[in-house]
Protein chains: 2
Amino acid sequence: MSNLINISEAASLALHGLVLIAKNQPLRMNVKVLAEELNASQTHLAKVFQNLSKAGLVRSLRGPSGGFELNKSAEDITFLEIYEIIDSKIMLGECPLGKNHCVFQSCIFDNELNRISTDIYDTFKKMKLSDF
Amino acid sequence: MSNLINISEAASLALHGLVLIAKNQPLRMNVKVLAEELNASQTHLAKVFQNLSKAGLVRSLRGPSGGFELNKSAEDITFLEIYEIIDSKIMLGECPLGKNHCVFQSCIFDNELNRISTDIYDTFKKMKLSDF
DNA sequence: TCTATTTAGGTACTTAAATTCCTAAATAGA
DNA sequence: TCTATTTAGGAATTTAAGTACCTAAATAGA
């Protein structure tokens with residue numbers, strides 16, 4: 001793997017799927033169609049959207065002609081929000097390696113990792129569904 | 001997990017261990033002592049240093065009073081080199097999610113991820129063992 | 001009302017990466 | 001030469017993510 005930035009397949013699916021849904025508004029889209037368009041695993045995508053739905057980002061409707069639609073305006077959905085729902089909440093300012101105790105008094109990374117983490121956070125926050 | 005930047009425990013152990021060794025020059029240090037000072041898993045650290053040794057970054061000596069020592073000057077060892085030995089070679093310019101094909105013509109991340117990846121790469125490259 | 005469709009949710013399986021375990025090989029020192 | 005120490009290397013285990021499977025619940029449309 002050569003991913004310097006930690007974004008799971010699931011979070012990527014969420015973003016890409018939501019972009020399609022945003023573009024397709026005001027019509028709903030179901031998992032089958034989304035998976036086909038994204039050339040992705042249908043079951044995985046279904047699980048991801050189940051979580052987005054539980055978190056209130058999308059509304060779901062079952063049955064024929066059912067599917068998912070945005071539950072808020074595309075301008076109000078940032079990738080940060082998506083990321084935190086699917087992957088995990090971002091904690092800035094802590095050790096970027098997740099260590100509580102460190103043998104070195106001053107971080108040997110000299111806050112460079114925190115600088116970059118903040119950059120990533122800000123970038124994720126700026127990325128809105130409506131930009132795509 | 002809340003690590004935005006993908007640095008494995010192994011790569012972190014490698015960096016922290018090498019810093020200790022650099023500071024302790026010209027004396028060797030063995031895995032047992034290193035693990036104690038870093039408060040880390042001895043077996044894992046051993047495996048990591050086995051790989052650093054195979055890659056030529058450190059020299060090893062077995063037996064009593066054995067251990068590891070740097071195989072090149074601390075100024076010439078960057079965290080980038082350590083990272084690429086332990087985690088993986090960094091490929092810039094490719095899809096930061098590792099996708100070969102994308103349904104969107106232009107990356108929906110609008111090269112922001114590539115910008116950050118390049119920043120990380122440059123930062124890793126600037127970090128030398130002698131800085132610590 | 002019945003049926004086909006679609007999401008919900010729990011469980012199980014698969015895979016790759018990370019980590020640990022175990023035995024062999026080397027070597028310093030007694 | 002013998003023993004204790006230390007790294008080497010392969011195998012095994014653990015863990016987490018991704019994926020699949022199955023049944024239930026909802027609902028639109030016939």
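Proteins come first, then strands; the chains are lettered A, B, ... in the order of their sequence lines, and each starts at number 1.
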Audit row: B:Leu129, B:Leu15, side-chain contact (heavy atoms from CB on, under 4.5 Å) steps and yes/no:
CA-CA 8 Å; B:Leu129 226 51; B:Leu15 175 64; 4.1 Å; yes

Length of the CZ-P vector between B:Arg59 and D:dA8, whole Å
13 Å

Could you tell me the separation between the CG atom of B:Asp87 and the C1' atom of C:dA16, rounded to a whole number of Å?
14 Å

All side chain to side chain contact (heavy atoms under 4.5 Å, CB included) counterparts of B:Arg59, not counting sequence neighbours:
B:Glu69, B:Asn71

Round to the nearest Å and state the distance from B:Leu45 atom CG to C:dA18 atom P.
16 Å

Give the B/S/- string for nucleotides 1-13 of chain C, one per nucleotide from 5' to 3', where a protein heavy atom under 4.0 Å of the base yields B, of only the sugar-phosphate yields S, and otherwise -.
---BBBBSBB---

Quick one: B:Leu52 CG to D:dG9 P, roughly how many Å, whole number?
13 Å

Might you confirm whether atom CG of A:Asn39 has over 12 heavy atoms from other residues, nucleotides or ligands at distances under 6.0 Å?
no

Pick the nucleotide of DNA chain C nearest each of B:Gln42 and B:Arg28; which residue has the one closer to the 5' end?
B:Gln42

Kindly say if A:Thr43 contacts the phosphate of D:dT19, meaning a side-chain N or O under 4.0 Å from OP1 or OP2.
no

Interatomic distance where CG belongs to B:Asn3 and C1' belongs to D:dT15 [whole Å]:
16 Å

How about A:His44 and A:Val48: do any of their side-chain heavy atoms sit closer than 4.5 Å?
yes

Listing for DNA chain D: consecutive Watson-Crick or G-U pair runs of at least 3, distance cutoff 3.5 Å, ranges ordered by first number, gives C:1-30 with D:1-30

Interatomic distance, A:Tyr83 OH vs D:dA17 P [rounded to whole Å]:
11 Å

d(CG, A:Asn51; C1', D:dA17) in whole Å
13 Å

Can you find a heavy atom in the side chain of B:Leu52 that is under 4.5 Å from one in the side chain of B:Phe68?
no

D:dG10 C1' sits how many Å from B:His44 NE2, rounded?
16 Å

Quick one: pull up CG in A:Asn3 and OG in B:Ser117 and give me the separation to the nearest 0.5 Å.
8.0 Å

Could you check if a side-chain atom of A:Asn30 sits within less than 4.5 angstrom of a side-chain atom of A:Phe49, using non-hydrogen atoms only?
no

Over 60° means perpendicular and under 30° means parallel, so classify the ring planes of A:Phe124 and A:Phe79, tilted if in between.
perpendicular

Heavy-atom side-chain proximity of A:Leu57 to A:Lys72 below 4.5 angstrom
yes

